[in-house]
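A short write-up of the structure that comes next.
Keep in mind that what you see is a predicted model, and the values were worked out from it rather than measured. Numbering of residues begins at 1 and proceeds along the displayed sequence. The figures here come from the full heavy-atom set of this structure, side chains too, leaving out hydrogens, waters and symmetry mates.
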Amino acid sequence: MNHPTISIEALLVLDAIAEHGSYASAAEHLDKVPSALSYIIQKLEDQLKVTIFQRQGRRSVLTPAGKHLLDEGRNILLAINKISEQTQTIANGWEPKIRIAVDSIIDVDAVFPTLKRFLDQYKHVQIDIKEEVLNGSWEALIEDDVELLIGVPAPVPNQKGLRTISLGVLEVIFCVSKNHILAKSKEAISQEVLANHRTVIVHDSAKSIVPKITIGVIEQSEHFYVASVEQKIKAIAAGLGGGFLPLNRVKHLLESGEFVEVKLLTPLPTCELFIAWKTVNRGKGLQQLITLLTAANIRV
């Protein structure tokens with residue numbers, strides 16, 4: 001079965017007539033004579049075997065079929081414009097999209113202002129963000145699922161072609177909800193005492209990197225596993241256990257009294273965070289974004 005071919009020119013003419021209200025105004029806008037537009041629309045109606053416009057006084061009004069054709073045609077025109085812009089963008093060394101993994105350990109609110117500054121300057125580049133945890137972040141970069149990591153924790157994989165910029169060392173504390181039995185402790189407690197209480201652990205989101213890593217695991221403790229730091233905060237608030245958390249993520253909960261910091265005899269785990277990318281990714285957008293993120297001095 002042969003389907004009629006709808007030309008881009010016909011869609012442009014249809015859009016112009018609908019936008020400007022008459023053949024004469026549309027012709028002036030398109031720098032054509034009205035008869036040329038009439039011919040294009042007549043040919044389109046013959047091809048589709050439908051009436052697109054009907055007369056109401058001096059105005060040409062779309063029929064229901066014409067309205068449908070206009071709506072769908074505008075979607076096609078927008079898609080064509082987008083393809084054209086993306087093609088020119090790529091030809092000039094810019095990526096049409098930058099995929100980013102923000103590690104769950106970092107507060108994404110600290111990243112959004114920089115992303116807004118980037119998009120205000122480079123509107124033609126799309127940003128696609130997802131959340132990963134620990135080695136899952138490194139895995140996403142190594143397997144080319146993303147072009148950039150933000151807030152990814154050490155250790156840096158022994159992989160050629162990775163570049164990193166340190167965001168600093170994250171201050172981590174062990175905390176529980178105000179109603180937890182350990183909240184009453186006045187002195188620092190040992191690892192042995194801590195091992196008698198359930199701890200909340202964030203799963204490493206890596207699928208293929210082995211071994212998976214977890215920060216601040218209490219051995220011999222019962223564990224309650226969650227998928228993100230945000231879930232971990234909520235689980236601790238619900239009294240499901242205690243756990244190591246970034247101070248900047250729970251400072252407000254400590255100040256309100258909802259969370260209590262538990263002092264430990266053993267040293268707390270250190271956690272250095274990085275921005276990371278592959279050196280083979282040389283897109284101008286990625287380089288500009290890295291520059292902005294570095295200048296932003298994101299606090300961890």
Side-chain angles (χ1 to χ4, degrees), residues 97-111 115 127-175 191 198-236 240-250 266-281 286 289-290 293-294 298-300:
K97 179 189 290 187
I98 300 174
R99 298 168 300 168
I100 301 171
V102 177
D103 195 278
S104 181
I105 203 166
I106 198 169
D107 187 354
V108 74
D109 287 348
V111 178
L115 296 181
I127 297 292
D128 184 348
I129 288 184
K130 68 175 181 174
E131 184 179 47
E132 294 288 355
V133 181
L134 300 173
N135 262 338
S137 296
W138 291 114
E139 182 179 84
L141 181 63
I142 290 168
E143 296 189 354
D144 296 318
D145 290 333
V146 299
E147 287 76 46
L148 181 66
L149 304 180
I150 302 176
V152 61
V156 178
N158 185 23
Q159 173 103 6
K160 289 184 178 180
L162 294 183
R163 288 287 305 277
T164 61
I165 296 174
S166 177
L167 291 174
V169 176
L170 190 69
E171 188 174 356
V172 176
I173 63 170
F174 190 89
C175 54
Q191 200 82 355
R198 186 188 301 114
T199 51
V200 183
I201 306 294
V202 181
H203 269 301
D204 188 328
S205 63
K207 295 179 176 62
S208 60
I209 290 181
V210 178
K212 296 184 179 183
I213 58 176
T214 308
I215 295 174
V217 173
I218 307 300
E219 299 297 337
Q220 287 85 47
S221 166
E222 292 182 6
H223 297 153
F224 183 86
Y225 288 96
V226 294
S228 68
V229 171
E230 191 61 36
Q231 287 184 11
K232 183 174 184 177
I233 293 170
K234 291 178 179 179
I236 292 174
L240 289 165
F244 292 99
L245 286 169
L247 176 59
N248 66 342
R249 299 287 292 272
V250 294
T266 53
L268 292 172
T270 59
C271 184
E272 186 176 10
L273 304 184
F274 298 91
I275 297 170
W277 68 98
K278 282 185 174 180
T279 54
V280 294
N281 293 332
L286 178 62
L289 182 52
I290 291 168
L293 286 167
T294 304
I298 296 171
R299 296 180 64 186
V300 300

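Contact of the Ile129 side chain with the Leu115 side chain is registered, since non-hydrogen atoms from C-beta on lie closer than 4.5 Å. You'll find the side chain of Glu272 stays beyond 4.5 Å of the side chain of Leu170, heavy atoms only. A 4.5 Å side-chain heavy-atom check between Leu141 and Gln159 finds every atom pair outside the cut-off. Between Trp277 and Ile165 there is a side-chain heavy-atom pair separated by less than 4.5 Å. Taking 4.5 Å as the limit, every side-chain heavy atom of Val229 sits out of range of all side-chain heavy atoms of Val133. A heavy-atom distance below 4.5 Å is not found between the side chains of Val226 and Ser228. Side-chain contact between Glu171 and Asn248: absent, with no pair of heavy atoms (C-beta onward) separated by less than 4.5 Å.
Ala276 and Val152 get closest at one heavy-atom pair: CB-CG1, 4.2 Å. Closest approach of Gly243 and Ile236 over heavy atoms only: N-CD1, 3.6 Å. In this structure, Asp144 and Lys278 approach most closely via the heavy-atom pair OD1-NZ, 2.8 Å.
Ser205 places no side-chain N or O within donor-acceptor distance of the main-chain N or O of Glu132, the cut-off being under 3.5 Å. Side-chain N or O atoms of Lys232 include one that pairs as donor or acceptor with a backbone N or O of Phe244 at under 3.5 Å. The backbone N or O of Ala154 sits nowhere less than 3.5 Å from a side-chain atom of Trp138 that would complete a donor-acceptor pair. Judged by distance alone, with hydrogens and angles left aside, the side-chain atoms of Asp204 form no donor-acceptor pair with the main-chain N or O of Leu134 at under 3.5 Å. In this structure, the side chain of Arg249 engages the main chain of Ile105 through a donor-acceptor pair within 3.5 Å.
Expressed to the nearest 0.5 Å, how far CG of Asp107 lies from CD of Glu230 amounts to 8.0 Å. Annotation: the span from Cys175 atom SG to Leu245 atom CG amounts to 4.5 Å, rounded to 0.5 Å. Separating the SG atom in Cys271 from the CG atom in Asp103 is a distance of 8.0 Å, to the nearest 0.5 Å. Atom CG in Leu293 sits 7.0 Å away from atom CD1 in Ile100 (nearest 0.5 Å). Rounding to the nearest 0.5 Å gives a distance of 8.0 Å between CG of Leu162 and OG1 of Thr279. A distance of 10.0 Å separates CD1 of Ile98 from CG of Asn281, quoted to the nearest 0.5 Å.
Between Val146 and the choices Ile142, Leu149, Leu148, the side chain to side chain contact (heavy atoms under 4.5 Å, CB included) rule is met once, by Leu149. Just one of Ile290, Leu273, Val111 meets the side chain to side chain contact (heavy atoms under 4.5 Å, CB included) condition when paired with Ile150; it is Val111.
Applying the 6.0 Å contact sphere to NZ of Lys234 captures no more than 12 heavy atoms from other residues, nucleotides or ligands.
Ionic pairing of Lys97 and Glu147 is not present here: no N-O contact between side-chain nitrogen and carboxylate oxygen is shorter than 4.0 angstrom.
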